**Student:** 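Pasting in a structure now, in structure tokens, and then I'll have a few things to ask.
Only this structure's heavy atoms are used, side chains among them; waters, hydrogens and symmetry mates stay out. Computed from a predicted structure; not experimentally measured. Just so you know, ligand 1 is whichever comes first in the structure, and atom 1 is the first atom listed for that ligand.
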Amino acid sequence: MHRTRRTLAALVLLLAVGAAAACGKEGSPPVKGPQPDELPVYQVRTDFRLPGSATWSKARERGHLVVGAKEDQPYMGEKDPATGTYSGFDIEIAKMMSASLGFAPASVEFRTIASANRETALQNGQIDYYVGTYTINANRKKLVGFAGPYYMAGQSLLVRTDEDDIDGPQDLDGKRVCSAAGSTPYQRIEKDYPKADLVAYDTYSVCVDNLLTFQVDAVTTDDTILMGYAAKAPDELKVVGTPFSKEPYGIGVPHEDTALRFALDDALAAHEKNGDWRKAYDATLGLSGVPAPLPPAIDRYPAN
Ligand code: GLU
């Protein structure tokens, strides 16, 4: 039986108001978000100094870090509209890094930055570093630096559960496909599947609203992100096919700040070794049901 557009429109509203509204109310979708008491506590390195990093020195004067993130990607980076608190795997990575750089994780000031604005935000010093499903690639490396990778994602497709015709990117000819402006998934569809009818918005949550209201036929981006939306509306949305790209996630840093980049590479390695990475995964992205993989090898590339 097909769901009516009105039911779906109501769901759009629910998704838009997020976890706050969904919490404990009857008839709301079953959302199992990260539980604060299950998140690891990261040891703050109070003796840490990085005078060779302009970014670190500025943060030190300020007294806390300013970190760019996403706010509408369940499991990865999500902001609770009621409390303003951010949660998810990316948020945990950002907090681990903060602890290693000598700043209390609770003091991190998160700023939401959309996919298309990440490089500019790092270039003009709006943020100290960025953790938000940010794929490392050669083009971006000309503009910013990347610590990591700390996770390997892959591009996938999200469709309505009543969709039978779309199983992979080869089925997208003539279909309305939505992705975020400035993202690698958008660029891949544009280049490799030019017969798809591609539209872009600033965020994936707007794409999902458009999918639920029949404005588009599919949403494409990383599996990590799409699994979160599918989990929020399992009766309406499903992830189909197998991932068709490799998206190594990095921590974006200002291009010239190699000292900060290397310090973050060291910090990632340390948190992978001491079990924090794994615990953080289990308490966030692991809620999607996918068991923790091994983290990818860190690519400590030389100074540019
Ligand atoms: N990882 C991809 C990218 O960096 C898609 C996710 C995103 O837009 O943040 O473009």
Side-chain angles (χ1 to χ4, degrees), residues 67-79 86-94 110-123 126-127 129-158 169 172 177-193 196 198-211 216 218-230 239 241-253 255 281 284-285 288 290 293 295-296 299:
V67 177
K70 293 290 183 70
E71 68 170 28
D72 64 339
Q73 300 182 174
Y75 296 145
M76 295 302 291
E78 191 173 32
K79 184 177 171 181
Y86 287 72
S87 65
F89 187 53
D90 281 331
I91 302 305
E92 290 308 305
I93 297 287
F110 286 102
R111 293 220 181 123
T112 301
I113 310 274
S115 296
N117 303 330
R118 295 182 280 214
E119 291 80 26
T120 323
L122 285 165
Q123 283 169 330
Q126 255 173 281
I127 51 175
Y129 55 88
Y130 186 95
V131 195
T133 60
Y134 197 8
T135 294
I136 303 171
N137 68 26
N139 272 338
R140 290 173 177 170
K141 269 166 131 179
K142 291 179 199 154
L143 305 171
V144 301
F146 285 103
Y150 61 88
Y151 186 80
M152 187 65 78
Q155 185 170 353
S156 276
L157 295 167
L158 182 76
L172 296 177
V177 184
C178 192
S179 196
S183 71
T184 50
Y186 179 91
Q187 289 157 5
R188 187 167 294 103
I189 299 295
E190 189 177 43
K191 183 167 164 284
D192 297 346
Y193 303 93
L198 187 59
V199 290
Y201 289 97
D202 286 347
T203 62
Y204 299 109
S205 50
V206 173
C207 283
V208 173
D209 290 350
N210 278 280
L211 180 62
V216 300
V219 177
T220 188
T221 186
D222 304 337
D223 48 1
T224 46
I225 303 171
L226 298 180
M227 284 187 304
Y229 295 129
V239 179
T242 44
F244 51 97
S245 77
K246 285 216 175 339
E247 308 289 332
Y249 287 169
I251 302 173
V253 299
H255 193 251
Y281 177 95
T284 56
L285 187 53
S288 66
V290 179
D299 176 19

**Student:** With sequence neighbours left out, write down each residue that passes ring pair (Phe, Tyr, Trp, His ring centres under 6.0 Å) with Y134, or none if nothing qualifies.
**Tutor:**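 So Y134 forms a ring pair (Phe, Tyr, Trp, His ring centres under 6.0 Å) with Y130, F146.
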**Student:** Only heavy atoms of S183, strictly under 4.0 Å: list the atoms of ligand 1 that pass.
**Tutor:**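 By the 4.0 Å cutoff, the relevant atoms are 8 (O), 10 (O).
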**Student:** Taking the side chain as everything from C-beta on, heavy atoms only, tell me whether Y281 gets closer than 4.5 Å to P295.
**Tutor:**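 Not in contact.
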**Student:** For ligand 1 and K70, I'd like to know whether there is a polar contact (N/O to N/O, distance under 3.5 Å).
**Tutor:**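 N/O-N/O distance below 3.5 Å exists for this pair.
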**Student:** List ligand 1 atoms under 4.0 Å from I225, heavy atoms only on the residue side.
**Tutor:**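 Reading through ligand 1 atom by atom, the close ones are 6 (C).
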**Student:** Got a second to check how far I189's CD1 is from L198's CG, nearest 0.5 Å?
**Tutor:**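 It is 7.0 Å, given to the nearest 0.5 Å.
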**Student:** Under a 4.0 Å heavy-atom limit, does A153 contact ligand 1 with its side chain, its backbone, both, or neither?
**Tutor:**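 A153 to ligand 1: no contact under 4.0 Å from either part.
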**Student:** Quick check on contacts: which atoms of ligand 1 are under 4.0 angstrom from a heavy atom of Y134?
**Tutor:**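 The list of qualifying atoms is 4 (O).
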**Student:** Ignoring hydrogens, what is the shortest heavy-atom contact between Y186 and A200? Give both atom names and the distance.
**Tutor:**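 So the minimum-distance heavy-atom pair works out to CE1-CB, 3.5 Å.
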**Student:** Looking only at non-hydrogen atoms, find the nearest pair between T220 and S179 and report the distance.
**Tutor:**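 Shortest heavy-atom contact: O-OG, 2.8 Å.
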**Student:** With heavy-atom distances below 4.0 Å as the criterion, list the atoms of ligand 1 near Y249.
**Tutor:**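 What qualifies from ligand 1 is 1 (N).
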**Student:** Find all atoms of ligand 1 within a distance of less than 4.0 Å from any non-hydrogen atom belonging to G132, and give their numbers and elements.
**Tutor:**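 In order of numbering, the contacting atoms are 9 (O).
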**Student:** Taking all non-hydrogen atoms of both residues, which atom of D90 and which atom of G132 are closest, and how far apart?
**Tutor:**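 Nearest pair, atom of D90 first, then G132: OD2-CA, 3.3 Å.
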**Student:** Would you mind telling me if ligand 1 is within reach of the side chain of R118, the backbone, both or neither, using heavy atoms under 4.0 Å?
**Tutor:**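 Side chain only.
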**Student:** Under 4.0 Å from any heavy atom of P185, which atoms of ligand 1 are there?
**Tutor:**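 Checking each atom against P185, I get 2 (C), 5 (C), 10 (O).
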**Student:** Should you measure from each heavy atom of T133, which atoms of ligand 1 turn up under 4.0 Å away?
**Tutor:**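 Those of ligand 1 that fall under 4.0 Å from T133 are 1 (N), 2 (C), 3 (C), 4 (O), 6 (C), 7 (C), 9 (O).
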**Student:** Taking heavy atoms and a distance under 4.0 Å, where does S115 meet ligand 1: side chain, backbone, both or neither?
**Tutor:**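 Near ligand 1, S115 shows its side chain, while the N, CA, C and O stay back.
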**Student:** Heavy-atom pairs closer than 4.0 Å: do any link ligand 1 to the side chain of R188, the backbone, both, or neither?
**Tutor:**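 None of R188 does.
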**Student:** Considering only NZ, NE, NH1 and NH2 on the basic side and carboxylate oxygens on the acidic side, decide whether R188 and E247 come within less than 4.0 Å.
**Tutor:**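 Result for this pair is yes, salt bridge flagged.
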**Student:** Quick one: does Y204 get within less than 4.0 Å of ligand 1, heavy atoms only?
**Tutor:**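 So Y204 counts as touching ligand 1.
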**Student:** R140 side chain to T135 main-chain N or O, any donor-acceptor pair under 3.5 Å?
**Tutor:**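 Here the side-chain-to-backbone pair exists.
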**Student:** Of the options D222, I225, T133, which is the one that meets Y204 in a side-chain contact (heavy atoms from CB on, under 4.5 Å)?
**Tutor:**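 Among D222, I225, T133, the one that satisfies the side-chain contact (heavy atoms from CB on, under 4.5 Å) with Y204 is I225.
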**Student:** Among D222, T221, I113, which one puts a heavy atom closest to atom 1 (N) of ligand 1?
**Tutor:**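 When every heavy atom of D222, T221, I113 is considered, D222 comes closest to atom 1 (N) of ligand 1.
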**Student:** Would a distance-only check, ignoring hydrogens and angles, find a side-chain to backbone donor-acceptor pair under 3.5 Å from H255 to K141?
**Tutor:**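 Checked: pair present.
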**Student:** Using a strict cut-off of 4.0 Å, indicate which atoms of ligand 1 neighbour a heavy atom of R140.
**Tutor:**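 Checking each atom against R140, I get 3 (C), 4 (O), 10 (O).
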